[in-house]
*Asks:* 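This is the structure I have questions about; it appears just below.
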Amino acid sequence: MDAARVLPFAGLFLFFLPGLYGSDNPHSTASTGLFLFGSWAGLIVAAAFLSRRLARIAEDEGSGRKT
Amino acid sequence: MTTFNLLVAGCLFYVATLFAVAFMAERLVAQGKARWLRAPIVYTLSLSIYCTAWTFYGAVGFAARSGLEFVTIYLGPSLVMIGWWLLLRKLVRIGHQQRITSIADLISARFGKSNLLGGVVTVLAVIAATPYIALQLQSVALSFTAVSGAAETEPDPAIAIWVAGGLAVFTILFGTRRVNVNERHEGIVTAIAVEAVVKLMALLAVGIFAVFVVAGGPVETFRLIEASEIAVWEFQPGRWQALVFLSAAAFLCLPRMFHVMVVENADERHLATASWAFPLYLLAMSLFVVPIAVIGLDRLPEGSNPDLFVLTLPLAENAQAIAMLSFLGGFSSATSMVIVAAIALATMISNHLVAPIWLRSGAAEEGDLRRAVLTARRAAIVGVLALGYLYYNLSGGGAALASIGLVSFAGSAQVLPALLAGIFWRGATRAGAATGLCLGFAVWAWCLFLPSLPVGEVIPAHVMRNGPFGLGWLRPQALFGVEGSDPLLHGLFWSLFANTLGVVGVSLGTIATPMERLQGAAMVNVDTVGAGPVSWRPGQADSEDLLVMTQRILGHYKAQALFRSAALRQGKTGYLPDADQIFLDRLERELSGAVGAATAHAMLTQITGGGAVSVEELMRVADETQQIMEYSAQLETKSQELSRTAARLSEANEKLTRLSVQKDAFLSQISHELRTPMTSIRAFSELLRDGGEGMAQEDRERFAGIIYDEAIRLTRLLDDLLDLGVLESGQISLRLDHVRLGTLLERALAMSDQAARLKIYRPGREDLMLETDGDRLVQVFINLITNAAKYCDADVPRLTISAKIAEGMAEIDFVDNGSGVAAEAREMIFEKFARATDTRAAGGAGLGLAICREIMLRLGGTIRYLPGQGGAAFRLTVPLSPGWLEDVTAAGRA
Amino acid sequence: MSDSKRVLLIEDEPNITEAIRFVLTREGWHVQTHAEGRDAVETVRERKPDLVILDVMLPNRSGLDILADLKADADLRTIPVMMLTARGSSPERETALRIGADCFMTKPFSNREMLDTVRSLMAGSP
C-alpha cells in the first residue's frame, strides 16, 4: 500500500530528471526520449504489479463496508 | 472528386458502425447480458477520450516544433493513474456514494449542495471546453481537406457544420435517452472504447509504416532523429514541469474526463487495471510521435503543416489505405471527445443552470421535471456544439487554434484547488471555493483565454501592450510587471496562485454552514464513514407529495418501485413509506443521480420544508464525524431491529395464511375422512343385502369383516374429533394425581403393542414422580409411540425414550432413528389433519399430534418438535410432583 | 357393446378397490387396479383399458393432474374417465369436468348407481 503511494512520486522524480541536469542544454531528443520512455515503461510494469495486490486490498475493504 | 466521396462514404460507414455498436451495447445492457461491457478494459479504453484529435494530429506538430515537450501531455495523466490509490480512488468512491453526476455536481455537493458553485463550475467548464470543441471541428475539417486532395486550400466550413450536426444527433440519441440514475451510458462508453482502439491502431499503423517502410527500420529512424532539426531541443525545466502538472490537473478536472473516469465508473476495482493499462495506452500513443515528426520533416516539402504529418506522410508515400485509416483515427479522436464533452457539459448545464432556475420559477409545482431536464440536456448539447462551431468560425480556423488546447486545459484546471481542498480538507468552505474559482477563472480569462483570441478581436492591441486604462501592472501577459516569461506559464501560475489563495484564505476566514460541514466530513472521510450525509429530520414530509415529485423526475415506474421497496423495508404495504431519515437520504441520493445534488436537495427542501438548519442542530453537528458515526451505528441497530420485527411478522403471517388454508380445508377433510370408510361400508353392506344366498360363505365373512373394520375406523375418527373438540373448548376435566413416569410408560407400551415393529430403548430416569392426569399422558405417549412405528423409515426402527429433570420439569424425549420430519413441515405437524405425508398407509386421520398438543397444554406442559436429533424427535415437558422434587433436592444436598 | 370390457381402477383405499372390483367383475368386466398416483398415466398407456375409474385423492399425485395428462395425450384422450372423490366439494367437480372427466361420482355411492353410470358411459362411447 505504501509502495502505491510512493510510485507516483518516483515517477515525478524520473520525469523531472531531465530538468535537473538542465545546465547542459540543449538536450538530445533521441537519448532523453529513450530515457523517458524507458522510465515510463518501468513505471507501468511496477503499477501493473502493484494493482493486483491493491485490488485485493480494495476488495477486502469494499466487502467490509457496505454502501 | 472520387476521394471526397470515398471519404464521406468512409465517415458515414464509420459513424453507422458506431451507431450499431452503441445500440447493441444498450440492448445487451437492457437484457442484462452485458457483464463484459463493464469490464475493466472497456473502462480503460473509455479513458482514452483524453487523446483527442488535438493529440492525434497535434502531438506530431508539437514534436516538430518543440521536440520532446509534447510528451508532458501524456506524462501528467500517467502519473495520476499510477497514483490512483492516492486520489482517484477517493474521487470514484465519493462519486459512487453521493451519486455524483459531474464535476460541477461534486463541487456543489461538497460545499453544502450549493447551486452557486455548481453554476460557476458549469459556466467555467463550458467556456473552457468551447475552444477545444472548435479545435476538434477544425482538425476534422482540415484532415478532410488534406485527404481529399485540395491540400493547401482553406477547409470548407460546411464540413465542420456537418460534423457538428452529426455529432449532436448521435450524442442526443445515446446520451439523453433517459434521465439516468448515476448518468451511466453503456452504449456511448462502448462506442468510445471502440474508437479508442481505432485511433490507437491508426496511429500505430502510421508509425510502423513510417519507421519500417519509409525510413527503413528503427536504426535508420534513430539516425534520422539524431540528424534532424529537432535532434536537440531547448529544455525549459519550468515549462516542462508546468506542463506535466497542467496535464495532470486537466486530466482530473476536464468535465469529460471526470465523466468517464468517475461517473461512468461501474466498479472501483476497474481503476486498478486502468492504473497501468491506461499509461500503457498513452505510451503506445506517443511512441511513434517523434519518428513520424522527424520522417515528416525529412520527406515532406518545406512548409508543410506538421500538424497534418500523420495524414500527409502516408499520402505522400502513396499509401492510401494507411492514409484512410489515419483519417478515421483522427476522426474518431475528434468524435469521441466531442460526444463525451457534450454529454458531460449538457448534464452540468441542465442540472446546475436550468434546473435551479426552473425550480425557482415555480414550474416545479406541476410540470414534468424529467421532460424538462431531458429537453434542457438536448438543447444544451446542440448549444455546446453550436458554440464550438461559432468559435471555430470566429477564430477563422487558423493557427490561433493550435495553442488553444493548453489554454483550455488551464481553464479546466481552475477547479483543482476547490476539488482537492474539498476532498482532503474539512475546513474548506463554500465561500472559499467560490472565491478561489472566480479569482482563478478571472485571471485565466484575462491572461490566457482572451489573449488567445485573434489580436484585436476582443482585447485591443494597445491594452495587450500597455494594460487596461494604461495600468501597466495589469497587462495580460505581464501581471505585476513579471515580464518575459512564457505566457502560458505566466497565466497558469497567476491563475492558480490566486485561486488557491482564495480557497485557503477565505476558507480560513469564514464559517461553514452545517450542511457544508456534514458533506465535507462525508467526503473527506469517505474511506471510513459508510453512510451518506445526515440532513433530514423525520416526520416533516408528506410521503405522497414526495412520490408525486419523484415520479416527475424518475418516471412513474421507477419512482413507484423505489417507494414500494422502501415501504416494504419499513414493513408496510402499499406505496407510501414513512418519510424517515433513511428514506429521505436514499431518495435524495436517487434524485441527485438524476438531477444533481443541489437540485435534489432543493426539491426535497421544498417539500419537507426543513431545509434551514437551526441553532440546536448547529450544536448537534459540532463534531460531525462522531455524530455521523454514532448515527450510522444507531441506524444499523435500528434497521436490524426493524428487519427482525419484519421477519417475525412475515413468519407469523405465513403461518396464518397456511392455517387459514387449512381451516378451509378442514370441512372438506372431515368429509373425506368420513366418506372413505362410509364408501366401503355402504358398498359391502349393499352387496350383502342384494347378493344374499348366491354369495360364497367366505366372501360374506370377508365383507362383514371389512364393514366391521371400517366401522371401527369411523368410530376412532369420531372419538378423536370429539376428544379434540372437548380439549380445544377447555371443557375437559382432568384427574390430577401423583404418578411415577415408569409406570405410565409401561402402560403406554403395553397398550400400543408395537413391540414387534419397533425396538424401544429407555435409558433415562424413570423414577420421576409427575403431577399429572395419568390417562391423558398415557394417551400422548401412545400417540408418539404409534407415530414412530408408523413413520420411522429405518430398516431396523428404533425408538429411544429418555427422561430427565430440567428447569424444575420432567423432560421426556421420544427420538427415533428414521429420517425425521422435513423442516418445512415441522411448523404444521401439530395442526389438525396435517399428516407429514399423504399416504393413507398411516391409517390415522392426522389428528394425533393436534390432540397431544392440546393435552399437554391442559396438563401444564408442552410438546415440541426437537430438530437435529437424527430422526423424528419430540420433547415433552411435564410438571413434576412438587413434594417429590423437594425430597429429591433435599436428598441430593444431604 | 363389444366383449372387451376392461376397466382400470386407480384407487388407493384397498377396501373400496375390493368393493368396486367385486361389483364390476360380477357384471363381466375385467378389472385391473393401480393404487398409486405415480406411474398411473404409464399404466393406462400400457393397459389401454376401455374405461378408467380414477380417485381424486391419491398418494404422490393428484387424480386431477393424472386426468389432465390423460386428456392431453392424443392416444389416451378417447378413453372415458370416471372420477371418484370423497371430498364432495363442488369446485373439485367443476375442475374435473372442465379438464375433461366424462363423469364424476361422490363417495359413498350405491353399487347400482355406479353400474348404471359405467353402462351409460360405455354405451356413449364407440
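Fair warning: this is a prediction, and the values are worked out from it, not measured in the lab. The sequence lines fix the lettering, A, B, ..., with proteins before strands; numbering per chain opens at 1.
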*Asks:* Output all residues satisfying side chain to side chain contact (heavy atoms under 4.5 Å, CB included) with C/Pro108, sequence neighbours left out; order by chain, then residue number.
*Replies:* B/Arg675, B/Met678, B/Thr679, B/Arg682
*Asks:* Could you list the residues that satisfy side chain to side chain contact (heavy atoms under 4.5 Å, CB included) with B/Asp813, not counting sequence neighbours?
*Replies:*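 Expected list: B/Ser802, B/Lys804, B/Glu811, B/Val815, B/Leu866, B/Arg875.
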*Asks:* Rounded to the nearest 0.5 Å, how far apart are CG of C/Leu84 and OG1 of B/Thr676?
*Replies:* 10.5 Å
*Asks:* Hey, is C/Glu13 close enough to B/Arg713 for a salt bridge, meaning N to O under 4.0 Å?
*Replies:* yes
*Asks:* Are the side chain of B/Glu686 and the backbone of C/Ser110 linked by a donor-acceptor contact shorter than 3.5 Å?
*Replies:*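 Side chain of B/Glu686 to backbone of C/Ser110: no pair is present.
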*Asks:* Go through the structure and list residues passing side chain to side chain contact (heavy atoms under 4.5 Å, CB included) with C/Ala101, not counting sequence neighbours.
*Replies:*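 Partners of C/Ala101 under the side chain to side chain contact (heavy atoms under 4.5 Å, CB included) test: C/Leu67, C/Met83, C/Ala96, C/Leu97.
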*Asks:* Is it the case that over 12 heavy atoms from other parts of the model lie below 6.0 angstrom from the CD atom of B/Gln697?
*Replies:*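 Yes, because the 6.0 Å sphere around CD of B/Gln697 holds more than 12 heavy atoms from other groups.
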*Asks:* Could you look at B/Asp699 and say if it's the side chain, the backbone, both or neither that has a heavy atom under 4.5 Å from chain C?
*Replies:* side chain
*Asks:* Does atom CZ of C/Arg112 have more than 12 heavy-atom neighbours, drawn from other residues, nucleotides or ligands, at distances under 6.0 Å?
*Replies:*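 No, the 6.0 Å shell around CZ holds no more than 12 heavy atoms from other groups.
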*Asks:* For chain B, which residues of residues 15-27 of chain C have at least one non-hydrogen atom nearer than 4.5 Å to it?
*Replies:* C/Asn15, C/Ile16, C/Glu18, C/Ala19, C/Phe22, C/Val23, C/Arg26
